[in-house]
Amino acid sequence: MRIQCPFCGERDSSEFTYLGDATVRRPDPSAPEQYFEAVYLRDNPAGRHEELWYHGFGCRSWLRVTRDTRTHEIFTVEMYNDATTETNQEAARA
Amino acid sequence: MAHSQIELTPRAAFADLPITAPGSGVVVQERDELGIASVLARRGQHEALTKRVRERFGIELSPGPRRSAAGGCAFIATGPGAWIVTVERASNGCVTSLTDALGDLAAISDQSDGQAVLRVSGPKAREALCKIVPIDLHPRIFRSGAVAATVAAHVGATLWRLDDDPSGHAVFEIAVFRSLAESFWRALSESAAEFGVRMNGRG
Amino acid sequence: MSGHRLGKGGLIDRQRALTFQFDGRRFTGHAGDTVASALLANGVQLVGRSFKYHRPRGILTAGSEEPNALVELRTGARREPNTRATVAELFDGLEATSQNRWPSLGFDVGAINSLLSPIFVAGFYYKTFMWPAAFWEKVYEPLIRKAAGLGRASEQSDPDIYEKAHAFCDVLVIGGGAAGLAAALSAARAGARVILCDEDFVLGGRLNGDRREIGGCSGVEWTQRAAAELESLPDVRVMRRTTVFGAYDGNTFGAVERVSDHLPTPSPHQPRQRLWKIVARRIVLATGAIERPLVFGDNDRPGVMMSSAARTYLHRFGVAVGHSPVVFTSTDDGWVTAFDLARAGIAVRAVIDTRTKISASLLSGAKQTGIYTLLGAQVVATQGSHGLTRVTVRKHDGGMENLKADALCMSGGWNPNIALSTHLGGRPRWSDELSVFLPSELRGTIVAGAARGSFTLAAALREGAAAGAEAAQSTGHDAPAWSAPTVDDELSGVTPCWRIADSRGKAFVDFQNDVTADDVTLAAREGFTSVEHLKRYTTLGMGTDQGRTSNVNGLALLAAATGRTIPEVGTTVFRPPYTPVSFGAFVGHHRGKDFRPTRLTASHRWAAERGATFVEAAQWLRAQWFAEPGETDWLQTVNREVKSVRSSVGVCDVSTLGKIDIQGKDAATFLDRVYINMISTLPVGKTRYGIMLREDGFVMDDGTTAHIAPGHYVMSTTTVNAGKVMQHLEHARQVTWPELDVQIVSITEQWAQYSIAGPNSRRLLERLLGGAIDVSNEAFPYLACAEFQWQSMRARLFRVSFSGELAFELAVPARYGDATIRALMTAGQEWGVVPYGLEALGVMRIEKGHVAGNELNGMTTAADLGLGRMMSTKKDFIGRVLAGRPGLVDANRPALVGLKPVDRSKRLFAGAHFLSSGATVALNNDQGYLTSVAFSPMLDHWIGLGLLARGQARVGERLRAYDPLRSGEIEVEVVSPVFFDPEGARLKG
Amino acid sequence: MRYSIFSLMRQALRGHRDWTPAWRDAVPKPAYDVIIVGGGGHGLATAHYLSKVHGITRVAVLEKGWIGSGNAGRNTTIIRSNYLLSGNVPFYEFSMRLWEGLEQDLNYNAMVSQRGILNLYHSDAQRDAYARRGNAMRMHGIDAELLDANAVRRIAPFMDFDNARFPIQGGLLQRRGGTARHDAVVWGYARAASDRGVDIIQNCEVTGFIREAGRIAGVTTSRGEIKAAKIGLAVAGNTSRLTNLAGLRLPIESHVLQAFVSESIKPRIPGVITFGAGHFYVSQSDKGGLVFGGDIDGYNSYAQRGNLPTVEDVCEGGMAVIPSLGRVRVLRSWGGVMDMSMDGSPIIDRTPLSGLYLNTGWCYGGFKATPASGWCFAHLLARDELHEVGRDYRLDRFAIGHLIDEKGVGAQPNLH
Ligand SMILES: Cc1cc2nc3c(=O)[nH]c(=O)nc-3n(C[C@H](O)[C@H](O)[C@H](O)COP(=O)(O)OP(=O)(O)OC[C@H]3O[C@@H](n4cnc5c(N)ncnc54)[C@H](O)[C@@H]3O)c2cc1C
Ligand SMILES: NC(=O)c1ccc[n+]([C@@H]2O[C@H](COP(=O)([O-])OP(=O)(O)OC[C@H]3O[C@@H](n4cnc5c(N)ncnc54)[C@H](O)[C@@H]3O)[C@@H](O)[C@H]2O)c1
Ligand SMILES: Cc1cc2nc3c(=O)[nH]c(=O)nc-3n(C[C@H](O)[C@H](O)[C@H](O)COP(=O)(O)O)c2cc1C
Ligand SMILES: [Zn+2]
């Protein structure tokens, strides 16, 4: 599997570590009841999945990757905290 | 109190590593004298930092994983807002001057000892490196000034390409954590063995 | 029979004779031979025994699909079991041995299984060996295992080296036959970066095995010209002996190059094999097609082989597979074999075609050559003990005829070689027109030639060229027009014939796994009607050949047995690797000591000189202890080290602890959020201990953080968790709180750091640093930290202590680490300074009740460790909310306590469980366990830390430490976890 | 027909003409007492024990493909009860006991082979962790032995004792551990359940749930609606796909685990060996193939295949322990989709939706659990209460904080 890191370019997934669902936000501390859900419950979809990858053997960025869990096809990769560098994997490949 | 002045001699990371297959396909040289620092832009200061670097160092920071150099100083971009800066023959001293110049815009940490840097050149440098780095080193793709933070034989590494040497061969430098110098060397020298290895400037 | 080598022809080098051995017999072959071609040239037909019935087997194919001719190649540490004789290149001195037979290939006791074959049908295991139950382990299974397996693997460490390498290209062409060469040429001429791989040691594919003309020259010549042109282009890499074995996500392909397998041994520094990881933007799949056998009685007799293989042996190797062969075919292609053999002067005994009608050109060809022709006829049996002597034919009119023959060439049609097209989930499509499975469309991949069901040379060239051009184009290269060379016509008619009805004897479908047509029928009868069930019940297609020659026949038989069509039955899936790949290739450099990198501290060389014993910590090697001459037992050494530290001074390398530089306007806020305790109140020049939780409320790591300059902190982590903490902090910084101004970077490697501990540590430092920094208690109190100039360097000093002694940690740039440890030893001579290792460090921390890895095991809470009060209630921090779950605040949870053996002479063992006295031994009564133990030289007995249910309330209680694995059972007493200097007086001195 | 050497010989004389299907390939009826979704080992075992222990035979097992096509058909067949935590130990030992009588119970030879499982350790800390585990096992009456390097050498002299990056210091041995023939387990349970009247329905994919009066009352499938008062899910890696249809989120992620088999070689490996300093474990099948595997690929996946880095990682681990593997060839690799739970332990429980029951979270270790899982799930479905040995496998344990986290890595499924 190859991930188009917005900074480094396309790299093998083995340079990254994975942390699952990227839509999970740390809840507000004033809403403790949401913590259980945030930490434990997952949609775990078969299909498009937004997920966090950390380019630990690279630029050390946390990335938001949209990937199909059935085919491993990657649609988009972006810096988690920088929406401006959004890169379209398809466009980059073509 | 007895005042003893013990002489402290520094020791290079790649000192005394063996060459098992002498030859001239791959030429390596330890870059022990480099001053190295990590430079991390402070939040929101990326542009100001770019400007300051241009003013103070005459270096134009280009976006992406590129090495930009002038006057013995090089900014090697390893991540968004993150550089390794190398300064020729500066050793640990470089961090002070960098902090003076950029400290308000970036966090600066000395890495002169943390990173062990090897220069790799010779006619077979690419063939040897392609066995350990998962990066496309084709001359048109990985051009002079290109940088890749990556993994080489299970060792985290930062690779960059310099200008070709006078004989037209590509010249690379590769930095690894100091503690891994020996393991990295075993992998590199084994990969280069079929071409023969020469160590430049040893001793 | 001997003398099968023809006088001329072939791609072998007749000038270079090579000698080799098979089963101890010496033979001669030529450079360019495979083991199989050389054996056939020497008239050897019997080369192996089948898996289950130990039937004599010969050579079936001339390629990597070979199911029968497996040998043990080489000897000793280099022995390679199950090596296909059909692809193993001959070299001088080669030794091959037949396998799965005893005592010899000719006389094999295991052949008795053949007599029992009526019982040994598919699935017989599952129906028997159940009674009596105890017999399975003692009798049945040992017998089964005795018979298991094919070749013998070497028992010695592999002496050869392996490598891995990375390659990138615009167009990867897999297969160097006509289609692949045309594709590579047109892509390369367009200027694309091309890699062409072929598993064979010559390019050309079928062109080598056939007598064809392309543009007026021979196929072989055309191939050589194409190869030369490709090799002259700078951005083209032609890789022979390179099998692309797997397609992986992201257009990544695994390939293995057999660099030295054709040599007696690799030359120095040459690997035996090299694993290539190829990333391609476009792929041309030109892997050709595989001919399928016909299923008739005793079709496994040595001498029965694929018709195309016979042609390959003829044209490529100059070998006649027999002096009097028959051809058995249901295709036009079988006739080509007959004609080619005849043209080479071999007396083709007959062509038996299952079809009643064949094309006029074949008929006239038959007439011209005078070959005895039987149409609408079938071979129903064969004879011969270790090799074919006769075939029995049922003629169209039902009459039988016996024909003398020493070889039978069978042609059942061609199956596109589609394995690689399925690795990423592509499902083959059935073509009614061709009666084959075709590869499905794949993104980025173009299939060309026989792999696509286009079985003529003209089509292979045309499709290949078009595929190459298209691939080049889509990667931004304009291909010049391709002028199609002229090629002669060929017939490629097939009328599939899946099973010869009513043939006698066993009709094999899967040769290697001895699966017969009857097995397929039986499986269907027993309800194993899914093709995947059929495979698993009969093992059809599960051998080293992965059923390359058998799968389609098998599912056609299943279709027939269940009244379905072949597409209704479907196929089983191919998986990587395409052909088996050695472990060595996947491993490369990473074996032995290089399995994983080793991290060495700056003092490593010095410690080794001192005779240190090292221990693993993460990837680091750390000194465990430093034995002195005369010390015979590690405990003696460690006791000495501890006592020296506690009585005078010792030095320990603590460089491996993670060190993280944290800077920025919001650094303090950030630290408050990742630690459970308050860091923002820490003044400059001070250090504080901190605990970090995971968001689920359990402890993740601990360490100290020093406020080294305004807004600049240095955090330390445990050695093992350094990487994990770094990632955790980057997550907090980039994902959770991107609004904070914080910069973090690992500086672990920059600093060599030494702990100087013991009552004389200050004196030692004063001597060493010579006034570079004032280390008096007043100027530099407990938990102070500072950066200072020492000689030509900036050094750092921290007053922290893990041992409970007056202690400092001195950090110097790593290049000075070696000099500094030596200087420390010199400076401390007067006080008898000792180096101490991880073990002594462990003893002292247990004496002090400090937690470490064994307690920070990911299952403990801060409260469990007696550190619950550190959890600030004034702020939010990671883990705060879920740490409050009922299960994590349960009063019955095990908590940290100290333990002493009641009988002080007894040794404690970590991992012993606690039982209340009088309780029966049962998991329900488990009260916790000993996490860490040490012999305390200060107390002169063993001590331990443990996690004990309601521990803190049970000080004074006596328990049993239950350890049946080692010590049995010991009575222990629950005490405070702080065994030594509970007031901490020594620390502050 | 009862299976035995005698029936086999009788049939041999008759050309094996009278064998009948091992299980009935049933067509769906409109309604059942219990529907079990998933024709893997767990689903079929549940059906078997429902019929045999609880006398409930109006049961359908719905399988979207062919039975055993999921993880039951693609695992590395290790069975053992060498667990650490009290939530797990009794359950897996109960399973072990059921394995030990399985052939006789099913009249099917599943080739349960107790040739031992040896977990290697490479450091004092690992040794102590194994001691803790072994002692816990012994407290429950399970066999466990802690071996030193010499004892390990006697069992497996072919391992690297001299030049290893992580030298072998010893191992934890459970002699009763071993392997079982995975496909035969599926077929054996199917045959036994089918004989008692259970309908095994293949090519029948559950596509939705029927709700009636606030409870789940049936399923929609690719072969029509089927009703039942109780519906049990035993679909391993596909659990979330199904519970998502019912609007239920779970503490589960689906991840791919690869496994491998080598070419068939003459027997070498005595039992099961696991390498504690790398990601590798191995046993040798009765056919001669080395069956081996390692770590999961580490990302959510519903594709039954993994990627090359993991293949390399596993093989590196393999050659690190057994240097002579260099010239042994890997024959085939494949993947399975695993139901990785947030604490690495399973869930057998009711759900908040009445009528819907859950059996999931088996991670890479549920094959060995097959008999006990079936037994406990059948118990739950029949009696609406958790079975004693699985009493900690509750769905609410994550909210409450009574986790069963043997690895201590927390709520990160790809680390379990
Ligand atoms: C590579 C690998 C190695 C492993 N090694 C071991 C090991 O050595 N030891 C061990 O103990 N465990 C091991 N495991 C784990 C073990 O295989 C599983 O935990 C166990 O098999 C899961 O239970 P099951 O057999 O019921 O699951 P499965 O066999 O996966 O059964 C679930 C069934 O549900 C079906 N299904 C899914 N969705 C639907 C639907 N909508 N409608 C109808 N049917 C549906 C599927 O087709 C499947 O057949 C391994 C797993 C893998 C992948
Ligand atoms: N007349 C007939 O019935 C008939 C039938 C089939 C084929 N043919 C002939 O076959 C030829 C077809 O040409 P083609 O190029 O499509 O096929 P080919 O068989 O000539 O070439 C395929 C090549 O792919 C290589 N290969 C296969 N898998 C590989 C892998 N995984 N890695 C590396 N290499 C691999 C093989 O070694 C072979 O050299 C034509 O010459 C045609 O006449 C004729
Ligand atoms: C324990 C075990 C042993 C296996 N042995 C073999 C084998 O000897 N030959 C083979 O081709 N496949 C073998 N396989 C793999 C199967 O062919 C198949 O790949 C696996 O069951 C997954 O199914 P799939 O590849 O059809 O998806 C084995 C699988 C398992 C679980
Ligand atoms: Zn990156």
Side-chain angles (χ1 to χ4, degrees), chain C residues 80-82 118-119 121 126-130 141 144-145 148-150 152-158 248-249 254 522 525-527 530 532-533 536 544 575-576 580-584 586-587 590-593 595-596 616 694 696 857-859 885-888 910-911 913 921 923 929 963-965, chain D residues 3 5 8 12 16 19 21-23 66 86 89 103-104 108-109 113-114 123 128 131-132 134-135 138-140 146 158 163 165 183-184 263-267 286-288 307-308 311-312 315-316 318-320 323-334 400-402 405 408-411:
Chain C
E80 294 153 33
N82 309 330
I119 292 179
V121 290
Y126 309 125
K127 300 190 177 108
T128 177
F129 298 136
M130 284 175 282
E141 186 168 47
I144 291 169
R145 291 187 79 78
L150 287 167
R152 298 164 305 147
S154 164
E155 281 165 29
Q156 298 163 47
S157 176
D158 191 340
Y248 297 92
D249 292 314
L522 172 61
R525 190 175 299 141
E526 292 194 80
S530 154
E532 297 287 359
H533 280 150
R536 287 157 178 79
T544 63
R575 298 276 184 192
V581 176
S582 69
F583 262 82
F586 283 122
V587 171
H590 300 291
R591 51 194 284 212
K593 295 273 190 230
F595 165 51
R596 289 291 174 262
E616 290 287 340
R694 300 186 305 236
D696 71 353
N857 60 9
M859 308 177 211
R885 281 179 289 174
L888 277 73
H913 284 248
V921 175
L923 212 47
Y929 72 105
D963 181 33
L965 257 52
Chain D
Y3 289 165
I5 184 67
L8 194 60
H16 297 280
W19 295 114
W23 67 88
W66 37 280
S86 62
V89 174
E103 271 105 13
Q104 288 67 31
Y108 205 89
N109 188 353
S113 167
Q114 295 177 291
S123 69
D128 291 345
R132 176 188 173 198
N135 284 330
R138 292 281 284 268
M139 287 172 93
H140 194 65
L146 198 64
F158 46 80
N163 185 41
R165 171 73 179 80
D183 292 322
E263 290 185 344
S264 175
I265 54 172
K266 293 287 174 209
D286 281 342
K287 241 179 100 205
N307 271 297
L308 195 49
V311 182
E312 297 174 63
C315 291
E316 286 171 13
M319 213 166 151
S324 60
L325 285 185
R327 302 175 105 83
V328 171
R329 299 189 196 92
V330 179
L331 170 64
R332 190 174 168 102
S333 64
W334 62 94
I400 295 169
H402 284 298
D405 181 358
V409 293

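What you see is a predicted model; the values in this text were computed from it and never measured. Throughout, a chain's letter reflects where its sequence line sits, starting with A, and its residues are numbered from 1.
Only the side chain of C:Leu522 comes within contact range of chain D, with heavy atoms under 4.5 Å apart. For C:Ser530, the part lying near chain D is the side chain, with the backbone staying farther off; criterion is any non-hydrogen pair under 4.5 Å. Both the backbone and the side chain of C:Asn857 come within contact range of chain D, with heavy atoms under 4.5 Å apart. Looking at C:Val121, the atoms closer than 4.5 Å to chain D (heavy atoms on both sides) all sit in the side chain, from C-beta outward. The contact between C:Tyr929 and chain D is made entirely by side chain atoms (from C-beta outward), counting heavy-atom distances below 4.5 Å.
In terms of heavy-atom pairs under 4.5 angstrom with chain D, the leader among C:Arg591, C:Arg536, C:Met859 is C:Arg536. Contact count against chain C (heavy-atom pairs under 4.5 Å) is highest for D:Gly410 among D:Ser123, D:Gly410, D:Ala411, D:Ala184. Counting heavy-atom pairs closer than 4.5 Å to chain D, the top-ranked of the candidates C:Pro118, C:Gly527, C:Ala153, C:Ser157 is C:Ser157. Interface summary for chain D: among C:Thr544, C:Val581, C:Asp963, C:Asp696, the most heavy-atom pairs under 4.5 angstrom belong to C:Val581.
No donor-acceptor pair closer than 3.5 Å links the side chain of D:Asn109 to the backbone N or O of C:Met130.
A 4.5 Å side-chain heavy-atom check between D:Met319 and C:His590 finds every atom pair outside the cut-off.
Residues satisfying the ring pair (Phe, Tyr, Trp, His ring centres under 6.0 Å) test with C:His913, not counting sequence neighbours, are none. Under the ring pair (Phe, Tyr, Trp, His ring centres under 6.0 Å) criterion, D:Tyr3 pairs with D:Trp19, D:Tyr108, not counting sequence neighbours.
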